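Presented below is the structure to which this report refers.
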Amino acid sequence: MSVTLRVAVVVVSYEARDTLLASLAALREHAGFPVELVVVDNASRDGSAQAVRERHPEALVIANADNAGFGRACNQGWRASRAPLVLFLNPDAEVAPGAVAAIAALLEHRPEIGAAGPRTRSADGTIQVSTGPDLGWIAEARQRRLVRGVAHRDPCRLAEAERRHSLEHEPDWVSGSCLIARRTALEAVSGFDERFFLYEEDADLCRRLRVSGWRVVYTPAAEVRHQLGRSMSKAPGRARLAYHRSHLLYYRKHNGALSRAALVALLAARGALSWARAAVAGDAGRRDEARALLGLVLERP
């Protein structure tokens with residue numbers, strides 16, 4: 001007798017074998033019903049793909065020969081699945097009991113919702129900022145102040161973040177570390193923009209969904225634990241460049257000419273200053289990173 005699948009879970013992984021297996025174990029234990037599992041491995045060298053095949057034979061494993069990036073791999077995953085709802089889950093995120101059922105029920109009961117995200121906490125229970133406004137100079141300054149305050153355990157910022165994430169609401173975006181989307185909504189906007197290799201693909205997706213008439217919702221009824229910062233820790237220089245590239249792309253897609261020009265000028269100045277400092281210090285690695293940043297700002301949109 002066949003089982004009607006409600007949710008496909010897509011996990012994109014790169015060099016994260018141990019946390020990936022822990023995430024899948026939590027999913028198996030806490031999902032509460034059968035899910036369609038798709039793991040997309042971006043050319044990891046740590047045995048991730050084989051480990052998933054051995055421990056989760058029910059999973060469809062897509063092993064890329066090269067690192068395709070997060071956005072493209074997410075698209076590979078959801079297009080290879082069949083369920084009407086797709087939950088994108090980072091390999092360093094673990095769902096709590098009842099989380100998958102709660103967030104799936106939200107979309108099943110409200111057909112106007114295209115995407116939703118749960119409350120996200122660190123392993124120690126500290127709240128993470130997993131929602132926010134569309135990216136822009138003022139909005140980002142406020143968001144950065146909140147995120148840094150939470151990271152430094154500032155009591156006022158922690159309280160503010162807890163308040164922001166205590167009630168269901170409609171933010172401009174929800175974090176891609178755990179994001180559920182309706183398949184028809186993904187099809188309507190052609191999924192993730194694959195030009196975003198890493199970072200801000202979630203904000204871009206949510207913005208395009210809202211422009212297309214779908215609602216984006218945050219709910220505290222579901223919760224995940226997320227080990228924030230693993231992508232940056234693996235290769236911080238490459239991660240910074242990926243962030244700057246995505247930031248430029250987002251501004252070029254969505255923001256006005258003045259905002260785009262200001263961002264280009266800021267990054268050019270930062271790259272030039274970093275190159276000069278690295279040259280004086282004889283730091284070849286940082287000099288190359290600065291040169292790469294300068295190359296980014298000169299790229300044609």
Side-chain angles (χ1 to χ4, degrees), residues 5-12 23 27 31 35-38 40 69-91 93 95-96 98-120 128-135 139 143 164-165 167-196 198-224 226 246 249-250 253-254:
L5 294 170
R6 297 168 60 193
V7 178
V9 179
V10 174
V11 184
V12 174
S23 176
L27 179 66
V35 299
E36 182 182 14
L37 179 59
V38 181
V40 184
F70 185 75
R72 182 177 298 177
C74 282
N75 284 343
Q76 287 180 279
W78 74 263
R79 287 171 178 153
S81 66
R82 295 171 291 127
L85 302 178
V86 183
L87 177 66
F88 299 98
L89 185 69
N90 274 15
V95 298
V100 178
I103 201 166
L106 179 68
L107 270 69
E108 289 169 338
H109 295 152
R110 295 175 57 183
E112 76 278 9
I113 297 177
R119 176 157 47 198
T120 306
Q128 289 183 10
V129 180
S130 59
T131 65
D134 284 333
L135 307 185
Q143 186 86 347
R164 179 184 292 190
H165 295 85
L167 298 174
E168 182 180 301
H169 62 279
E170 295 187 24
D172 288 341
W173 58 263
V174 292
S175 172
S177 63
C178 184
L179 181 155
I180 192 167
R182 194 179 304 277
R183 179 176 298 277
T184 51
L186 290 170
E187 291 171 344
V189 299
S190 300
F192 288 90
D193 184 335
E194 297 183 1
R195 292 175 295 174
F196 289 91
L198 185 66
Y199 301 116
E200 298 185 6
E201 65 287 311
D202 45 11
D204 172 77
L205 174 68
C206 290
R207 186 162 185 162
R208 289 185 291 114
L209 286 172
R210 290 186 294 106
V211 168
S212 297
W214 297 95
R215 289 187 170 180
V216 173
V217 173
Y218 162 83
T219 177
E223 187 166 298
V224 299
H226 180 220
S246 293
L249 174 58
Y250 184 97
K253 284 187 67 175
H254 301 297

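Bear in mind that the values here come from a model prediction, so they are computed numbers and not experimental data.
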Only residue of Val217, Val216, Leu209 satisfying side-chain contact (heavy atoms from CB on, under 4.5 Å) with Ile113 is Val217
- Message: Could you check whether atom CZ of Arg82 has more than 12 heavy atoms from other residues, nucleotides or ligands sitting under 6.0 Å from it?
- Response: no
- prompt: Does Arg208 pair with Asp193 as a salt bridge, N-O distance under 4.0 Å?
  reply: no
Would you say Glu201's side chain and Tyr199's backbone share a donor-acceptor pair under 3.5 angstrom? yes
- 4.5 Å side-chain heavy-atom contact, His254 and Asp134: no
Query raised in the report: Between Phe192 and Phe70, what is the ring plane arrangement, given parallel below 30°, perpendicular above 60°, and tilted in between?
Result: perpendicular
Per side-chain contact (heavy atoms from CB on, under 4.5 Å), Cys206 is matched among Val189, Val211, Leu179, Asp172 by Leu179
- prompt: Can Arg6 and Val35 be said to form a side chain to side chain contact (heavy atoms under 4.5 Å, CB included), step by step?
  reply: CA-CA 7 Å; Arg6 297 168 60 193; Val35 299; over 6 Å; no
Next on the checklist: Between Arg207 and Trp173, does the side chain to side chain contact (heavy atoms under 4.5 Å, CB included) criterion hold? Intermediate values first, please.
Outcome noted: CA-CA 7 Å; Arg207 186 162 185 162; Trp173 58 263; over 6 Å; no
> So, does His165 use its side chain to make a donor-acceptor pair with the main chain of Ser130 at under 3.5 Å?
Replying inline: yes
Would one find more than 12 heavy atoms of other residues, nucleotides or ligands at under 6.0 Å from atom CZ of Arg183?
-> yes
Thr219 side-chain N/O to Ala221 backbone N/O, donor-acceptor pair under 3.5 Å: yes
### Query
Where the side chain of Ser23 meets the backbone of Ala93, is there a donor-acceptor pair that is under 3.5 Å apart?
yes
**Message:** Main chain of Leu167, side chain of His169: is a donor-acceptor contact present, judged purely on distance under 3.5 Å?
**Reply:** yes
Give a yes or no on whether the backbone of Val40 and the side-chain of Gln76 come within a donor-acceptor separation of less than 3.5 Å.
-> no
| said: Keeping Gln143 on the side-chain end and Pro133 on the backbone end, is there a donor-acceptor pair under 3.5 Å? | reply: no
Side chain to side chain contact (heavy atoms under 4.5 Å, CB included) between Val129 and Arg164: does it pass, once the steps are laid out?
CA-CA 9 Å; Val129 180; Arg164 179 184 292 190; 4.2 Å; yes
Heavy-atom nearest pair, Leu107 first then Ala116, reads CD1-CB, 3.7 Å
Leu198 and Ser246 have their tightest heavy-atom pair at O-OG, 2.7 Å
Paired with Phe88, the side-chain contact (heavy atoms from CB on, under 4.5 Å) test is passed by just one of Ile180, Val11, Val9, Leu186, namely Leu186
So CG of Asp204 and CZ of Arg195: to nearest 0.5 Å the spacing works out to 8.0 Å
For Val10 and Cys74 the tightest heavy-atom approach is CG1-O, 4.3 Å
Here the pair of heavy atoms bringing Pro111 nearest to Trp214 is O-CZ3, 3.5 Å
Heavy atoms of Gly176 and Asn90 approach each other most closely as O-OD1, 3.6 Å
